[in-house]
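Predicted model, so just to flag it, every value in this text is computed and none were measured. Each chain gets a letter, A, B and so on, in the order its sequence line appears, and its residues count up from 1. Heavy atoms only: backbone and side chains are in, while hydrogens, waters and symmetry mates are out.
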Number of protein chains: 2
Amino acid sequence: MNADTSTRRPGGRSARVRAAVHSAAVALVAERGADQVTLPAVAERAGVNSSTLYRRWGTLAALLADVAKHRGDVDAPPLVGDLRADLENQAVWTLAELSRPGGIAFFRAEVAPDVDERHEGLRECLRRVSERFRPVLDAARERGEEPPSLERVLDRIIAPLYFRVVFSIPGTDEAYVRELVAGLLPGRPA
Amino acid sequence: MNADTSTRRPGGRSARVRAAVHSAAVALVAERGADQVTLPAVAERAGVNSSTLYRRWGTLAALLADVAKHRGDVDAPPLVGDLRADLENQAVWTLAELSRPGGIAFFRAEVAPDVDERHEGLRECLRRVSERFRPVLDAARERGEEPPSLERVLDRIIAPLYFRVVFSIPGTDEAYVRELVAGLLPGRPA
DNA sequence: CTACTAAGGCACAAATCTTTGCTTTAGAGT
DNA sequence: ACTCTAAAGCAAAGATTTGTGCCTTAGTAG
């Protein structure tokens, strides 16, 4: 559909509107939950005419997906060259990302788009998570270590975090992330 | 809100309407995804007047929660008295349940209800999953074994299944469930 | 500075979704 | 059978959400 809503006229109004809409969307999702948010509501909060939202994004799902796509990837922790530390860092960052108000909502947003695009959204979302961990594992392999497979990282780290955040299970914090990583790298002591 | 929509007049029409609505909801969620379903749509599919749905359930979220609440718990596999086998059975059943068309949608439905009730819905949903595994672990403990904690089962079995179903990761099948269980019960060979 | 044009605002139409008062249907009790 | 009444149907009003044509604004290029 819209290839990239951010490029066309990066200079001025367009970008401002975009920013206003994005932060309005984030705010509303955070305080009401994604299910209670509508495009007109976002438009009003952003001080923008709702026809703009319909024209630029078309649907709430598309807007949320756009927000999700452009929110991550900042503040992502750098690799330090130690498998355990890198796994912990990325996992902690991921946890923080998920825990942000509306975090899971946006995580899900890319999953939600209408049936035809769904598969695409799923893949994209999973891909983005994967791409955060793949370099860690690759780097370790370069150093001659034998890191766990990406699948294993998904099962043992990401999945539990995702699950626990979705269900608001208490005690899901940085220390817990370390436990998860430790469980995955049993041999090597901290 | 509505204590139990099933009791009042279990005899006849009420129950038929209920059944028709439930199966219409299941069908629609399965074929369009929960986000594309509305109460009027369910009403039409069920051959029921939409005002009935508004009066009995009020919102789509409430309806889906009701459906979710009354769908599971049948066909649940019995305990056979072997930790590994019981874990596998329950996990396989859970996987099947999640994989059903719209399975995750209903899983999520109990999570979705409006903000105030949300915490309640979360707890309920998690509780129901937990209650399926707790007896397995308790039974094992009775026999003098030392089963993993429920938390551990959630992290190592349920979470990966949930995650993999949500993201349609291929190869998430019965054999995979066995691997997960095996990873959790390392000492004891099959 | 001026012309060009993408993008936003406005207003109105159409489609949906929600709600509500009143009527009708059909279980349940006697 | 007859009555009582919970629950369903009907219909119309209200509220929201979507979709569109036309005009205005303000980056951008020359």
Side-chain angles (χ1 to χ4, degrees), chain A residues 1-25 28-29 31-67 70 109 112-117, chain B residues 1-25 28-29 32-67 70 109 112-114:
Chain A
M1 213 164 285
N2 252 325
D4 185 351
T5 1
S6 67
T7 43
R8 296 297 166 83
R9 279 193 174 188
R13 182 159 66 156
S14 205
R16 283 197 304 277
V17 166
R18 178 191 181 71
V21 169
H22 275 211
S23 74
L28 284 178
V29 167
E31 68 194 40
R32 299 186 195 172
D35 306 352
Q36 304 298 321
V37 175
T38 64
L39 284 187
V42 174
E44 185 184 1
R45 169 73 72 106
V48 164
N49 195 283
S50 69
S51 68
T52 294
L53 302 209
Y54 282 110
R55 281 206 245 261
R56 271 182 81 161
W57 290 281
T59 67
L60 180 70
L63 170 58
L64 294 187
D66 186 41
V67 170
H70 290 266
D114 20 358
V115 196
D116 302 327
E117 310 172 26
Chain B
M1 214 162 286
N2 253 328
D4 185 352
T5 359
S6 68
T7 44
R8 296 297 167 82
R9 280 191 175 191
R13 181 159 66 157
S14 202
R16 282 198 304 277
V17 166
R18 177 191 181 71
V21 169
H22 274 212
S23 76
L28 285 179
V29 167
R32 299 187 194 171
D35 305 353
Q36 305 298 320
V37 175
T38 63
L39 285 186
V42 174
E44 185 183 3
R45 169 74 71 103
V48 163
N49 194 284
S50 69
S51 67
T52 295
L53 303 209
Y54 282 109
R55 282 206 244 261
R56 271 183 80 162
W57 290 281
T59 69
L60 180 70
L63 169 59
L64 294 187
D66 187 41
V67 171
H70 291 264
D114 21 357

Next item on the list: Would you mind reading off the distance between R16(A) atom CZ and dA6(C) atom P, rounded to a whole angstrom?
Entry: 19 Å
Check: Can you tell me how far the CH2 atom of W57(B) sits from the CG atom of L64(B), to the nearest 0.5 Å?
Finding: 11.0 Å
Notebook entry, point to check: Taking it one step at a time, do H22(A) and D66(A) satisfy side-chain contact (heavy atoms from CB on, under 4.5 Å)?
Noted result: CA-CA 9 Å; H22(A) 275 211; D66(A) 186 41; 3.0 Å; yes
Next item on the list: Give the B/S/- string for nucleotides 15-24 of chain C, one per nucleotide from 5' to 3', where a protein heavy atom under 4.0 Å of the base yields B, of only the sugar-phosphate yields S, and otherwise -.
Entry: --SBBBBB--
Note to self: Can you measure W57(B) atom CH2 to dA7(D) atom P for me and round it to whole angstrom units?
What the structure shows: 11 Å
Next item on the list: Would you indicate, yes or no, if dA7(D) has its OP1 or OP2 atom less than 4.0 angstrom from a side-chain nitrogen or oxygen of S14(B)?
Entry: no
Check: Any side-chain N or O of R18(B) less than 4.0 Å from the OP1 or OP2 oxygen of dA7(D)?
Finding: no
Notebook entry, point to check: Does OP1 or OP2 of dC10(C) have a side-chain N or O of N49(A) closer than 4.0 Å?
Noted result: yes
Note to self: How long is the straight-line distance from CD of Q36(A) back to OG1 of T59(B), given to the nearest 0.5 Å?
What the structure shows: 8.0 Å
Margin query: To check you understand the geometry: which heavy-atom pair defines the closest contact between L63(B) and V42(B), and what is its length?
Written below: CD2-CG1, 4.1 Å
Check: Of all residues at least two apart in sequence or in a different chain, which pass the side chain to side chain contact (heavy atoms under 4.5 Å, CB included) check with T52(B)?
Finding: V17(B), V48(B), N49(B), R56(B)
Notebook entry, point to check: Which pair of non-hydrogen atoms, one from A46(B) and one from A20(B), has the smallest distance, and what is that distance?
Noted result: CB-O, 3.6 Å
